[in-house]
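Worksheet: one structure, shown below.
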Amino acid sequence: MRTRGSTLHGIRRKLAALSALAMGAALAVAIPSPASAAARVDNPYAGATAYVNPDWSAKAAAEPGGSVIADEPSFVWMDRIAAIEGAGDAMSLREHLDTALDQGANLFQVVIYDLPGRDCAALASNGELGPTELDRYKNEYIDPIADVLADPAYANLRIVTIIEPDSLPNLVTNAGGSAGSTDACAAMKANGNYEKGVGYALHTLGAIPNVYNYIDAAHHGWLGWDTNFAPAAQEFKKAATTEGATVADVQGFIVNTANYSALKEPNFKVTDSVNGTTVRQSKWIDWNFYADELSFAQALRTELVNQGFASNIGMLIDTARNGWGGSARPTAAGPLTSVDDYVNGGRVDRRIHAGNWCNQSGAGIGERPTSAPEPGIDAYVWAKPPGESDGNSQPIDNDEGKGFDRMCDPTYTGNGRNGNNLTGALANSPLAGHWFSAQFQELVRNAYPPLDGSGGGDDTQAPSVPTGLRVTGKTSGSVSLSWTASTDDTAVTAYDVYRAGVQVGSTASASYTDTGLTASTAYSYTVRARDAAGNASAVSAAVSATTDQGGGTGSGTLKVQYKNTDSSATDNQIRMGLQLVNTGSGAVDLSTVKVRYWFTPEAGASTFNAACDYAVVGCGDVTHGVVSSGGPAAGASHYLEVGFASGSLAAGASTGEIQLRLNKTDWSSFNEADDYSRGTNTAYADASKVAAYAGGTLSWGTAP
């Protein structure tokens with residue numbers, strides 16, 4: 001195994017030879033010095049101009065309605081050794097990088113995808129290397145890719161990699177004797193070559209200063225159950241600390257790679273109930289804790305940080321084919337006749353089963369690539385270029401190592417991994433990665449947000465300017481905004497949010513929460529609207545907000561983050577999500593920590609019940625009770641005190657989400673509007689009015 005330093009050995013040898021040549025020919029020619037590396041950034045997508053693959057773009061533009069998305073950036077797939085030098089008519093990796101420079105791009109996206117025994121659970125995406133060919137993977141695949149990426153000519157490109165889709169999740173769910181297990185996955189778990197290959201790729205590519213590694217993390221319909229969720233994060237940590245890799249080699253994770261899971265399910269929540277039956281019990285959700293990719297990605301990020309990954313890791317979501325638009329897209333929840341009718345009538349993901357993954361009928365283009373669209377999300381990306389097949393619907397002889405998977409056959413009645421349902425696959429599909437014109441055209445027709453131009457004609461009209469921009473909430477570290485939606489002749493697809501003239505994020509909805517701010521500081525915001533054709537409105541009128549005082553970490557090393565999970569301020573329960581973060585350099589004994597949330601009960605009973613509905617650390621380890629503060633402070637006559645029975649919180653780690661609720665014993669209503677600790681933010685943000693005490697000493701927050 002090569003050390004981190006020797007990864008660039010070939011490049012350094014070439015530079016040394018070039019230097020010698022320059023010295024020998026000093027009188028004849030001046031040799032330019034290598035480009036200096038671009039400064040490393042927290043989010044490589046922020047402010048970036050991404051590479052548009054001309055091979056894909058030409059195919060997209062040739063399809064009816066395809067020109068409207070032909071200039072969208074997507075990932076280049078290195079799915080076999082031959083792809084590095086270019087296979088068939090496809091460009092080589094170096095040619096792609098050179099073309100990126102010619103385009104003036106500063107972001108290049110590439111999928112690393114050729115593990116030994118690749119995709120042990122899906123024949124359509126089997127690879128060329130046998131289960132034991134780890135040395136070939138290192139020497140003939142990863143090392144040559146690293147030598148190309150490390151060329152100083154590309155030093156100013158931010159190079160984003162996706163590391164080995166589907167591999168590590170297969171070890172969690174398909175290698176242990178369950179209905180979906182395979183002998184091939186059991187073999188890969190036993191020999192450890194998935195973990196060793198991923199670790200080697202992270203270690204080798206992570207040694208290149210301008211490379212940003214994102215590990216594939218499946219999707220909510222694969223890992224969203226508690227039996228898979230934390231074990232998957234632990235498996236990712238194991239692989240990321242194998243073959244010389246460390247968590248520092250991991251920029252973040254990507255979910256929904258080449259899949260179809262909806263970004264958001266707007267018409268129901270997993271906590272909804274129908275006639276006393278929760279949505280989690282519906283056949284579609286099947287006790288999953290998540291209904292869509294955004295909620296899954298944000299929760300998984302919290303768990304990954306809790307497992308020891310850096311607190312600033314970011315998530316990517318592949319939105320290339322999860323739009324599920326068109327005339328069949330529901331606009332409301334289904335009828336209340338049963339929980340299954342309620343969910344099936346309202347879900348935008350219209351697959352037969354969430355385990356179906358091959359060339360899904362009825363799918364549509366999803367959100368266009370966007371930087372920092374939601375808290376914790378580095379970008380929406382197109383990892384799987386729309387129009388490239390997932391696999392062949394009938395056997396096809398080929399020299400690419402790709403088999404015939406019955407999940408790509410529309411007549412197949414399924415297996416344990418999809419509940420023995422029909423596959424929902426389109427007919428007449430080609431090999432994985434080959435162009436599938438019929439699917440591309442369907443994706444364009446069913447795009448959501450809708451695409452302009454899918455029926456012909458060019459859109460040149462910009463959306464109206466957003467109006468009514470206002471501040472709807474703030475904490476010491478965040479500002480929440482909302483505005484009146486813009487109108488457009490086709491459809492508004494996104495809003496760009498600017499802080500002091502610099503874009504800080506985008507969102508598809510008419511609201512946004514800007515996080516990571518400084519306490520007691522004034523900020524100014526504007527918003528503009530965009531449509532699918534890229535037309536943008538003028539920016540809105542500005543609005544200013546000053547973050548709340550205090551909080552900070554004071555002399556302590558803890559902070560509390562809060563989100564409001566209660567849609568009503570006047571019902572008979574107070575509900576919230578809390579998580580505790582260790583900002584220090586040493587571990588904290590959780591048994592010494594108390595978190596206080598202040599409120600007023602108004603009239604009614606003066607006794608209370610409190611409950612933990614969900615906690616990453618386990619509700620059994622979370623203590624809770626209501627205490628009368630005895631003080632005169634407005635909005636703070638009582639507080640909910642949350643503690644921990646045991647445990648240690650590592651430096652930089654988070655407890656992960658803790659979902660709590662409380663009620664009066666007579667179930668009379670609260671009026672939370674004036675409660676001291678209540679916020680309106682529905683995504684986690686630093687909460688200066690929720691305090692943390694360590695050993696009885698205030699460590700975070702401002703007590704009333």
Side-chain angles (χ1 to χ4, degrees), residues 37-53 56 69 71-77 96-97 100-101 103-112 149 154-163 165 205-206 208-217 249-257 263 293-294 297-298 300-301 304 309-320 322 365-385 493-499 501-508 512-516 528 530 534 536 683:
R40 195 162 183 88
V41 295
D42 181 62
N43 178 0
Y45 288 88
T49 300
Y51 170 59
V52 177
N53 181 351
W56 175 82
I69 58 170
D71 61 350
E72 293 289 354
S74 59
F75 278 74
V76 173
W77 285 64
H96 278 296
L97 290 160
L101 296 179
Q103 288 181 5
N106 67 344
L107 176 73
F108 182 81
Q109 304 173 104
V110 59
V111 179
I112 306 301
L149 299 185
Y154 311 127
N156 285 318
L157 284 174
R158 303 173 188 176
I159 300 174
V160 169
T161 69
I162 294 175
I163 303 298
L205 301 177
I208 304 170
N210 55 316
V211 167
Y212 298 79
N213 291 320
Y214 290 80
I215 299 175
D216 181 77
D249 293 315
V250 180
Q251 178 73 17
F253 293 78
I254 180 169
V255 300
N256 203 47
T257 302
L263 178 66
E293 288 305 289
L294 179 59
Q298 291 174 322
L300 181 60
R301 180 185 179 277
L304 290 162
F309 286 95
S311 60
N312 66 336
I313 58 170
M315 305 296 288
L316 306 178
I317 303 177
D318 185 358
T319 59
N322 70 348
I365 299 291
E367 289 283 350
R368 270 49 101 197
T370 305
S371 169
E374 297 282 352
I377 310 299
D378 279 354
Y380 297 151
V381 299
W382 284 6
K384 177 74 169 182
T493 58
Y495 295 93
D496 298 327
V497 180
Y498 295 84
R499 183 203 311 142
V502 177
Q503 185 176 344
V504 292
S506 296
T507 177
Y512 183 82
T513 297
D514 186 24
T515 60
R528 71 168 186 175
R530 286 188 287 111

* Grab the two heavy atoms, one from Tyr154 and one from Asn210, that are nearest each other, plus how far apart they are. => O-ND2, 2.9 Å
* For the student: nearest non-hydrogen atoms of Pro373 and Ala379, plus distance -> CD-CA, 3.9 Å
* Just checking, Arg40 and Tyr212: is the charged tip under 6.0 Å from the six-membered ring centre and within 45° of the axis? -> yes
* When Met315 is tested against each of Ile254, Leu294, Leu300 for side-chain contact (heavy atoms from CB on, under 4.5 Å), which residue passes? -> Leu300
Hey, could you give me the [atom1]/[atom2] distance between [X] and [Y], rounded to the nearest 0.5 Å?
X	Y	atom1	atom2	value
Asp378	Phe253	CG	CZ	12.0 Å
Ile162	Gln109	CD1	CD	7.5 Å
Leu263	Ile317	CG	CD1	5.5 Å
Ile159	Leu149	CD1	CG	4.5 Å
Ile69	Ile365	CD1	CD1	4.0 Å
Arg301	Phe309	CZ	CZ	12.5 Å

* Asked: Is the shortest side-chain N to carboxylate O distance from Asp318 to Lys384 below 4.0 Å?
  -> no
* To do: Taking the side chain as every heavy atom from C-beta outward, state whether Leu316 and Tyr45 have any atom pair closer than 4.5 Å.
  => yes
